[in-house]
Participant: 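Mind looking over this structure? Questions follow.
Not measured: the values here are computed from a predicted model. Residue numbering restarts at 1 for every chain, and letters A, B, ... go by the order of the sequence lines. Below, each value reflects all heavy atoms present in this structure, side chains not excepted, and no hydrogens, waters or symmetry copies.
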There are 4 protein chains.
Amino acid sequence: MRLAKLREQVLEANLDLVQRGLVLATFGNASGVARKEGLIVIKPSGVPYDRMRPKDLVVTDLQGQIVEGTLRPSSDLLTHAALYRAFPAVGGIAHTHSEYATAWAQARRPIPCFGTTHADYFHGAIPLTEVMTDDEVDGEYEANTGAVIIRACKGLDPMAIPAVLVANHGPFAWGADAREAAENAWMLEAAARMAYLTVAINADAKALGRMLHNRHFLRKHGAKAYYGQKKREK
Amino acid sequence: MRLAKLREQVLEANLDLVQRGLVLATFGNASGVARKEGLIVIKPSGVPYDRMRPKDLVVTDLQGQIVEGTLRPSSDLLTHAALYRAFPAVGGIAHTHSEYATAWAQARRPIPCFGTTHADYFHGAIPLTEVMTDDEVDGEYEANTGAVIIRACKGLDPMAIPAVLVANHGPFAWGADAREAAENAWMLEAAARMAYLTVAINADAKALGRMLHNRHFLRKHGAKAYYGQKKREK
Amino acid sequence: MRLAKLREQVLEANLDLVQRGLVLATFGNASGVARKEGLIVIKPSGVPYDRMRPKDLVVTDLQGQIVEGTLRPSSDLLTHAALYRAFPAVGGIAHTHSEYATAWAQARRPIPCFGTTHADYFHGAIPLTEVMTDDEVDGEYEANTGAVIIRACKGLDPMAIPAVLVANHGPFAWGADAREAAENAWMLEAAARMAYLTVAINADAKALGRMLHNRHFLRKHGAKAYYGQKKREK
Amino acid sequence: MRLAKLREQVLEANLDLVQRGLVLATFGNASGVARKEGLIVIKPSGVPYDRMRPKDLVVTDLQGQIVEGTLRPSSDLLTHAALYRAFPAVGGIAHTHSEYATAWAQARRPIPCFGTTHADYFHGAIPLTEVMTDDEVDGEYEANTGAVIIRACKGLDPMAIPAVLVANHGPFAWGADAREAAENAWMLEAAARMAYLTVAINADAKALGRMLHNRHFLRKHGAKAYYGQKKREK
């Protein structure tokens with residue numbers, strides 16, 4: 001993908017997060033990766049959304065070293081970079097402080113899969129990271145945030161469960177590209193809100209059975225998908 | 001009813017669900033039936049609402065066999081078809097993932113009738129289906145969803161309680177036609193939201209007495225109705 | 001007050017309830033009274049708000065007998081009439097199914113005065129009626145609704161606590177005129193929403209002390225009021 | 001700062017509170033101080049926001065004595081004045097009845113710092129005042145409200161935790177100027193809402209560790225800040 005197009009797509013994904021009400025103040029950022037070139041395009045830090053232009057985005061390598069751009073990149077850059085290095089299928093990442101997903105992160109609870117809405121997008125509970133140690137926080141904080149996410153996703157297919165909750169912080173979501181990452185951030189928030197209501201109504205609510213979970217996830221994803229007008233290739 | 005008109009009405013009902021905030025992403029579908037012709041008109045699967053035209057709707061027979069239309073029908077078609085076969089008075093069906101009704105479905109709780117708002121539209125608690133067995137899920141899933149709904153409504157008049165919660169999935173509502181189905185889906189969500197608040201304020205809240213329930217339902221429905229400017233015929 | 005002006009004011013109060021989001025579907029009605037003429041002006045039953053004109057309003061005497069108008073009056077007319085007869089200072093009444101106040105009514109809990117927002121408008125907890133008996137429901141239901149409200153307000157100054165919750169139904173609010181009744185219905189909903197959040201955060205939350213309650217109520221009301229640009233006469 | 005400019009800034013801050021949905025009816029007021037001149041500019045009491053002009057604002061000295069203006073000042077003026085005298089670094093104050101922060105105040109609970117969203121703006125839990133005694137309420141109520149706030153903030157840096165909850169009343173927030181006070185009132189409400197959800201999901205939720213709290217607060221504030229495009233001077 002040409003870098004100019006990636007810049008536009010990443011800008012659009014950032015604006016998408018705002019339009020979908022997932023971003024509080026400037027707490028949010030989306031990025032995309034050009035795998036062939038080994039380049040990340042990410043939102044600049046603390047710039048108002050309504051004045052952001054494709055040229056304001058910052059380009060870095062997969063270590064987070066700036067390659068292009070005069071603005072400071074999002075302070076969460078090194079978290080994004082760590083995820084791109086660990087998850088080769090990921091093409092875009094979105095981080096928000098969307099309120100229900102953040103509340104689950106603050107409550108230090110993974111989000112159980114209570115229904116088919118969740119199952120259609122996430123093939124299992126949304127995992128929760130460990131609480132970071134003082135050493136992790138005091139050291140390379142953003143890189144270490146990436147490390148705890150990678151540990152929390154160990155043994156899971158990141159493309160089947162494309163989101164995580166960082167304890168006492170908030171959600172990260174990802175996808176095949178920045179647009180899909182933003183969409184997954186949005187569906188995560190919806191699943192988080194419904195899960196909140198579910199436990200409020202029934203504190204002992206049970207997660208979906210595995211069979212129903214599979215059925216819904218595979219209705220939309222994979223070789224036998226039969227939802228929508230054509231199969232989604234993943 | 002001429003099919004062209006039914007297409008328009010079903011399209012309008014689908015858009016109604018969106019305008020009333022009952023549809024998350026493309027999780028929602030409404031259909032209508034032409035009883036004389038034995039034909040169902042239903043929303044296509046996964047088509048964006050703002051581009052949907054009457055001609056995009058799919059026409060099937062009561063077994064769900066496509067009669068007209070080039071697009072794939074809503075993946076829930078066979079659930080709709082099963083309900084039309086089982087409930088002869090039903091003229092329209094609406095399925096949503098509206099957030100409060102879905103939360104009750106995920107919590108696996110029927111919605112008690114806590115007040116006259118609920119009683120004006122639904123003559124009793126909103127029933128909840130059993131959790132589907134692995135065999136039901138793994139088999140003809142959508143048709144079996146219809147079957148568990150029909151079992152959950154056994155002994156109830158579907159026109160007096162025109163909605164149901166499918167466990168771990170979400171609500172289906174229906175009515176004399178697609179417009180009324182959409183309206184009932186909307187009132188179900190309102191009743192679900194108020195019921196949620198009610199149990200949050202008082203976990204031991206009691207359902208309405210039968211006499212008050214009857215009074216309110218019959219103020220609006222049936223031969224002695226005295227609400228509005230003329231009697232509604234049912 | 002000339003009847004034409006009262007019609008306009010009552011229509012405006014009805015639209016006010018809608019604009020403030022207090023009315024679900026057509027569940028809401030406001031009325032006003034011309035005390036000298038002994039006439040009530042009330043919303044017609046089940047007419048869409050956007051088509052309602054002053055001439056559509058119904059005029060009755062204080063017994064609820066229609067004096068002017070061809071449309072059927074709100075089905076709650078006899079409740080309004082009973083309140084006008086019992087509370088001579090009341091000039092307007094508003095009934096809604098606003099969601100938080102209705103939830104408290106469904107939970108059968110009076111709304112405690114937890115803070116100064118509530119105290120500025122309501123000089124005490126919002127009372128709750130008894131659950132109506134089957135005989136009351138089966139008899140003159142709407143008139144009996146008035147009767148249980150009057151019992152619930154016994155010993156209270158209706159102008160100092162201008163609202164009530166009807167158990168398993170919803171709120172009625174009133175004031176010096178229809179406009180003020182609609183405003184009180186709105187503030188009641190705000191107090192109900194905050195009270196809901198308060199008990200969710202702390203199930204043992206305590207009501208405001210009497211001294212603080214008096215201070216805030218009397219800052220806005222009565223002879224020594226010092227809020228706003230001029231004293232409100234009551 | 002010239003007084004004319006301060007009037008404009010204070011008016012803008014007042015409108016900001018409204019646009020951000022923090023003000024219920026006329027329950028809200030913002031002020032600013034010209035330290036050199038020893039003058040406070042504050043909103044008039046009970047004037048509709050859409051008609052408020054810079055010249056309507058009231059100018060007083062630090063004791064709350066009116067220096068300029070014909071309208072009555074906000075009834076909370078003496079609370080503002082007390083805070084300006086006690087906290088020399090404060091340049092602006094905002095008071096609202098925003099619903100989640102008010103609910104915590106009504107529940108008589110300080111707001112724990114559950115996550116980095118909170119930590120980015122407030123370097124610790126949001127303190128709660130004592131319940132005011134009858135003597136305090138019956139005496140110089142508004143000045144005494146200032147006094148209980150000052151007691152609640154004892155030992156804290158008011159610029160590091162720029163907000164407080166007045167028990168059974170609501171929040172006050174402040175900052176370097178009126179604009180920042182309004183922004184802090186907004187972020188307080190966001191933190192209050194997420195904290196509410198957090199305890200609803202997990203009643204035993206734990207506050208953030210001190211190290212993470214420091215890291216996030218100092219990412220945005222102080223000499224080593226690295227968030228945004230340039231360091232904020234405080």
Participant: When the aromatic ring centroids of C/His169 and B/His216 are compared, is their separation below 6.0 Å?
Facilitator: yes

Participant: Who wins among C/Ala167, C/Pro44, C/Ala107, C/Ala105 for the most heavy-atom pairs under 4.5 Å with chain B?
Facilitator: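 Of the options given, most contacts go to C/Ala107.
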
Participant: Sub-3.5 Å donor-acceptor pair from the side chain of C/Trp104 to the main-chain atoms of C/Ala192, do we have one?
Facilitator: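 Yes; judged by distance alone, with no hydrogens or angles, the pair exists.
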
Participant: State the OH-CG distance between B/Tyr121 and B/Asn184, to the nearest 0.5 angstrom.
Facilitator: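 That separation rounds to 7.5 Å.
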
Participant: Should C/Thr145 and C/Met132 count as side-chain neighbours, where that means a heavy-atom distance under 4.5 Å?
Facilitator: yes

Participant: What part of C/Val47 is in contact with chain B, defined as an atom under 4.5 angstrom from a non-hydrogen atom: side chain, backbone, both or neither?
Facilitator: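 Just its side chain gets close to chain B.
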
Participant: What part of C/Ala200 is in contact with chain B, defined as an atom under 4.5 angstrom from a non-hydrogen atom: side chain, backbone, both or neither?
Facilitator: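 For C/Ala200, there is no contact with chain B at all, as no heavy atom is under 4.5 Å.
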
Participant: Using atom types as modelled and distance alone, determine if a side-chain donor or acceptor of B/Lys206 lies under 3.5 Å from a backbone N or O of C/Arg108.
Facilitator: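 Absent.
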
Participant: Measuring heavy-atom distances to chain C, does B/Ala203 have an atom under 4.5 Å in its side chain, in its backbone, in both, or in neither?
Facilitator: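 Neither the backbone nor the side chain of B/Ala203 comes within 4.5 Å of chain C.
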
Participant: Out of B/Leu208, B/Asn214, B/Asp204, which one racks up the most heavy-atom pairs below 4.5 Å with chain C?
Facilitator: B/Leu208

